[in-house]
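See below for the structure under consideration.
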Amino acid sequence: KDSINLDNSNQIVYLFGEAKVVYGNISLKADRIKVFIKKNEVHAFCKRDSLNEKILEKVVFTDDGESFEAPEMKYNFNTKKGRIIQATTQEGEMHLLSDLGKKMPNNDIFLKKGKLSTCDAGHPHFYFESRKLKVIPGKKIIAGPTNLIIRELRTPLVLPFGVFPNNQKRQSGILIPGYDNYNNSLGLMNLGYHWAINDFLHTEVLTSLYFSGRWLLSADLIYKKRYKYSGKFTFNYTKDVKGTPDLENYSITKNFNLRL
């Protein structure tokens with residue numbers, strides 16, 4: 001099941017089967033691993049079906065608790081740099097996929113042609129697409145020009161750049177929406193922005209959009225100082241669309257409220 005070959009002349013070790021390399025806090029698991037002893041570098045490859053080349057098990061790379069999967073990758077233990085082919089990883093509630101990734105010595109990850117979504121499907125139902133992404137683990141994700149795509153349809157929502165918070169402590173940044181179905185109408189739920197004004201004052205604006213024309217908007221201003229005061233101001237607006245245009249059952253209702 002497992003095997004190892006040594007090319008002594010070129011100083012290369014070949015690991016086959018359930019191969020694993022551990023180096024300090026770094027762990028690498030793959031179907032095949034080439035270890036270049038002189039360069040202190042590893043090349044890892046996924047397990048594929050011998051008939052149709054379908055990926056059966058991806059390469060799993062873990063560094064100090066942060067992990068990602070890919071069909072193929074290279075990593076140099078001296079420079080602490082890696083090259084990742086078709087990387088997939090999870091940062092908090094967000095899932096990232098990309099054609100090509102680079103891991104830097106400070107653990108930052110640069111992704112080329114990346115997708116960012118809260119949908120955990122192998123092929124997300126909706127996602128933000130960007131040609132360039134920078135992941136700062138445990139802090140934030142920075143994206144270049146970004147387009148929201150739903151069911152492989154490009155929406156008019158294009159952002160010149162995006163900053164997505166990625167830690168337990170709230171930071172200013174775009175809030176990734178969820179996927180929703182309301183009365184058989186598909187839509188995105190709670191797309192918005194969180195602004196951490198200071199340690200005591202935060203504001204959050206959220207919107208939900210549906211193909212039926214239904215639209216929701218909410219804004220919260222939250223204030224809190226421990227042992228002294230806390231509260232929030234809330235504004236909600238709903239535009240509800242029912243029926244089919246030009247038919248008798250078609251109706252539009254609008255509601256809004258303000259709570260202190």
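Just so it is clear, the values below take in all heavy atoms, side chains as well, and ignore hydrogens, waters and symmetry mates.
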Show your working on side-chain contact (heavy atoms from CB on, under 4.5 Å) between Asp99 and Lys112 and close with a plain yes or no.
CA-CA 6 Å; Asp99 289 350; Lys112 185 177 181 181; 5.7 Å; no
For Lys81 and Met104, run side-chain contact (heavy atoms from CB on, under 4.5 Å): C-alpha distance rounded to whole Å, both residues' side-chain angles, the deciding distance at 0.1 Å, then the answer.
CA-CA 5 Å; Lys81 292 183 179 180; Met104 307 307 290; 4.1 Å; yes
Less than 4.5 Å apart, side chain to side chain, heavy atoms only: is that true for [X] and [Y]?
| X | Y | value |
| --- | --- | --- |
| Asn5 | Ile12 | no |
| Asp108 | Pro137 | yes |
| Lys115 | Phe126 | no |
| Trp215 | Thr207 | yes |
| Met73 | Arg83 | no |
| Arg214 | Asn183 | no |
| Ser27 | Lys20 | yes |
| Ser208 | Asn190 | yes |

Look at the side-chain heavy atoms of Ile, Leu, Val, Met, Phe, Trp and Tyr, link any pair under 4.5 Å apart, and say whether [X] and [Y] land in one connected group.
| X | Y | value |
| --- | --- | --- |
| Phe61 | Leu97 | no |
| Tyr193 | Tyr223 | yes |
| Val135 | Leu159 | yes |
| Phe211 | Tyr182 | no |
| Leu209 | Tyr127 | no |

Heavy-atom donor-acceptor pair, [X] side chain to [Y] backbone, under 3.5 Å:
| X | Y | value |
| --- | --- | --- |
| Ser212 | Ser185 | no |
| Ser98 | Lys113 | no |
| Asp31 | Phe45 | no |
| Thr146 | Ser130 | no |
| Asn52 | Lys54 | yes |
| Thr234 | Arg259 | no |
| Thr79 | Pro105 | no |

List the atom of [X], the atom of [Y], and the distance in Å for their closest heavy-atom pair.
| X | Y | answer |
| --- | --- | --- |
| Gly101 | Leu111 | CA-CD2, 3.9 Å |
| Val59 | Cys46 | CG2-N, 3.6 Å |
| Leu148 | Thr155 | O-OG1, 2.7 Å |

Would the number of heavy atoms belonging to other residues, nucleotides or ligands and lying under 6.0 Å from CZ of Phe235 be above 12?
yes
Within 6.0 angstrom of Lys29 NZ, more than 12 heavy atoms from elsewhere
no
Pairwise distance [atom1]([X]) to [atom2]([Y]) - rounded to 0.5 angstrom:
| X | Y | atom1 | atom2 | value |
| --- | --- | --- | --- | --- |
| Leu191 | Leu216 | CG | CG | 12.5 Å |
| Phe36 | Asp7 | CZ | CG | 9.5 Å |
| Thr89 | Ile84 | OG1 | CD1 | 8.5 Å |
| Ile37 | Asn8 | CD1 | CG | 8.0 Å |
| Thr238 | Asn257 | OG1 | CG | 7.5 Å |
| Asp220 | Asn236 | CG | CG | 7.0 Å |

Does anything in residues 32-50 pair up under side-chain hydrogen bond (donor to acceptor under 3.5 Å, both in side chains), and if so which pairs, sequence neighbours excluded?
Asn40-Asn78, Glu41-His43, Glu41-Asn76
Of Asn181, Asp180, Asp240, the residue whose pairing with Tyr210 passes side chain to side chain contact (heavy atoms under 4.5 Å, CB included)
Asp180
Does the ring center of Tyr75 lie less than 6.0 Å from the ring center of Phe77?
yes
Set of side chain to side chain contact (heavy atoms under 4.5 Å, CB included) partners for Ile252, sequence neighbours left out:
Lys239, Val241, Tyr250, Lys254
Are Glu129 and Arg154 within salt-bridge range, i.e. N to O under 4.0 Å?
yes
Regarding Lys103 and Asp63, does a basic nitrogen lie under 4.0 Å from an acidic carboxylate oxygen?
yes
